[in-house]
2 protein chains.
Amino acid sequence: MEQEQDLDLCCQEEQVHTGALERVRELMPRDETLYDLAELFKIFGDSTRVKMLYALLEGELCVCDLASLMEVSQSAVSHQLRVLKASKLVKFRREGRTVYYSLADEHVLSILSQGMEHIMEE
Amino acid sequence: MEQEQDLDLCCQEEQVHTGALERVRELMPRDETLYDLAELFKIFGDSTRVKMLYALLEGELCVCDLASLMEVSQSAVSHQLRVLKASKLVKFRREGRTVYYSLADEHVLSILSQGMEHIMEE
DNA sequence: TGAATATATGAACAAGTGCTCATACGATAA
DNA sequence: TTATCGTATGAGCACTTGTTCATATATTCA
């Protein structure tokens with residue numbers, strides 16, 4: 001009870017922002033959605049995975065190709081591909097004993113590009 | 001030596017993809033850039049921070065407002081704001097003892113939107 | 001000055017993450 | 001079948017991360 005009150009009151013005496021708070025509360029996506037969104041960005045938040053996604057922008061590559069590019073073990077790449085698959089960021093096709101991975105859709109490029117723009121300025 | 005060879009050779013006998021690999025190597029951003037990019041996405045990869053950024057899309061809010069919205073402690077919000085500041089995703093202005101935070105630029109919206117598009121389909 | 005309020009920060013800890021190592025699986029060829 | 005190659009997976013571990021708690025800093029007001 002007390003906690004809930006503390007959460008609703010802003011800075012105890014100043015109710016100045018309660019209007020803004022209500023508006024924000026209405027416009028914000030559901031908690032579950034925001035959680036999923038964070039989960040997605042978490043995937044992009046690892047340099048090995050970002051590197052893999054960038055490599056796949058040029059076209060499909062097999063696990064061994066990726067391992068070579070990343071300069072990490074085949075096992076590590078395989079583990080990360082599993083993560084990327086689970087998030088539907090990559091898809092794959094099997095050809096003999098080789099498995100080729102490629103980007104699942106064009107959102108990957110969009111997201112990478114927007115991020116790149118931010119870090120590039122200044 | 002042997003390791004380096006293993007890294008350059010793809011799947012031992014199949015040199016089929018070496019052409020593709022060289023092309024990818026040329027077109028890929030520098031390792032340092034990819035690392036910075038991952039660091040940026042790491043910021044978005046936490047539900048508390050994503051929620052904070054979404055809230056700030058509507059306009060500036062003080063620390064206490066944000067704590068109220070996030071339903072976490074003021075201390076936690078303050079720690080996260082520090083992270084967001086360091087990445088130049090938010091800026092702030094002081095008014096008396098209150099500090100108002102707002103988004104640093106429009107890239108935040110772009111990045112959030114692209115991510116949202118991805119999780120929304122299917 | 002001293003009290004109160006808003007925010008910031010350091011330490012500590014539980015939970016999560018990405019790697020390596022060993023091994024298993026799946027497909028091909030002898 | 002057996003051997004080999006490409007890939008996948010489970011266990012274990014070092015490292016990171018986000019929170020809480022306590023406290024410090026900064027601003028206002030009496």
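Chain naming here is simple, since letters A, B, ... match the order of the sequence lines and numbering starts at 1 in each.
- Taking only side-chain atoms of A/R97, from C-beta outward, the nucleotide of D/dT27, D/dA8, C/dA27 with the closest atom is C/dA27.
- What separates CG of B/L66 from C1' of C/dA6 is a distance of 13 Å, to the nearest Å.
- Of the candidates D/dT7, C/dT7, D/dG10, C/dT7 carries the atom nearest the B/S78 side chain, counting heavy atoms from C-beta on.
- Put simply, CD on A/Q80 is 5 Å from P on C/dC19, counting in whole angstrom units.
- Minimum atom distance to the side chain of B/T98 is reached by C/dA6, of the listed D/dG18, D/dT20, C/dA6.
- No hydrogens or angles considered: nothing links the side chains of B/R93 and B/T98 as a donor-acceptor pair under 3.5 Å.
- Here the nucleotide nearest the side chain of B/S75, chosen from D/dG6, D/dT19, C/dT9, is C/dT9.
- Distance CD (A/E95) to P (C/dT28): 10 Å, rounded to an integer number of Å.
- Atom-to-atom, CD of B/E71 to P of D/dT20 comes out at 12 Å; the value is rounded to the nearest Å.
- Residues A/D105 and A/K91 are not paired through a salt bridge, judged by the lack of any N-O separation under 4.0 Å between the basic side chain and the carboxylate.
- Per the geometry, CD1 belonging to A/I43 stands 12 Å off C1' belonging to C/dG18, to the nearest Å.
- Rounded to an integer number of Å, the gap from CZ of B/F41 to C1' of D/dT17 is 19 Å.
- With C/dG10, C/dG26, D/dA26 as the candidates, the nucleotide lying closest to the side chain of A/R94 is C/dG26.
- One can place CG of B/L84 at 15 Å from C1' of C/dA8, the figure rounded to the nearest angstrom.
- Mapping A/T48 and A/G96 onto DNA chain C by nearest heavy atom places A/T48 at the nucleotide closer to the 5' end.
- B/Q74 comes within 4.0 angstrom of a nucleotide base, judged by non-hydrogen atoms across all strands.
- Between B/E39 and B/K42 there is a salt bridge, with a side-chain nitrogen of the basic residue lying less than 4.0 Å from a carboxylate oxygen of the acidic one.
- Picking from C/dT7, D/dA11, D/dT7 the nucleotide with the shortest atom distance to the side chain of A/H79 gives D/dA11.
- Using a 4.0 Å heavy-atom cutoff across all strands shown, B/Y101 reaches sugar-phosphate atoms only and no base atom.
- With rounding to the nearest 0.5 angstrom, the OG atom of A/S102 is 7.0 Å from the CG atom of A/L56.
- Using a 30° and 60° split on the angle between ring planes, B/H118 and A/H107 fall in the perpendicular class, above 60°.
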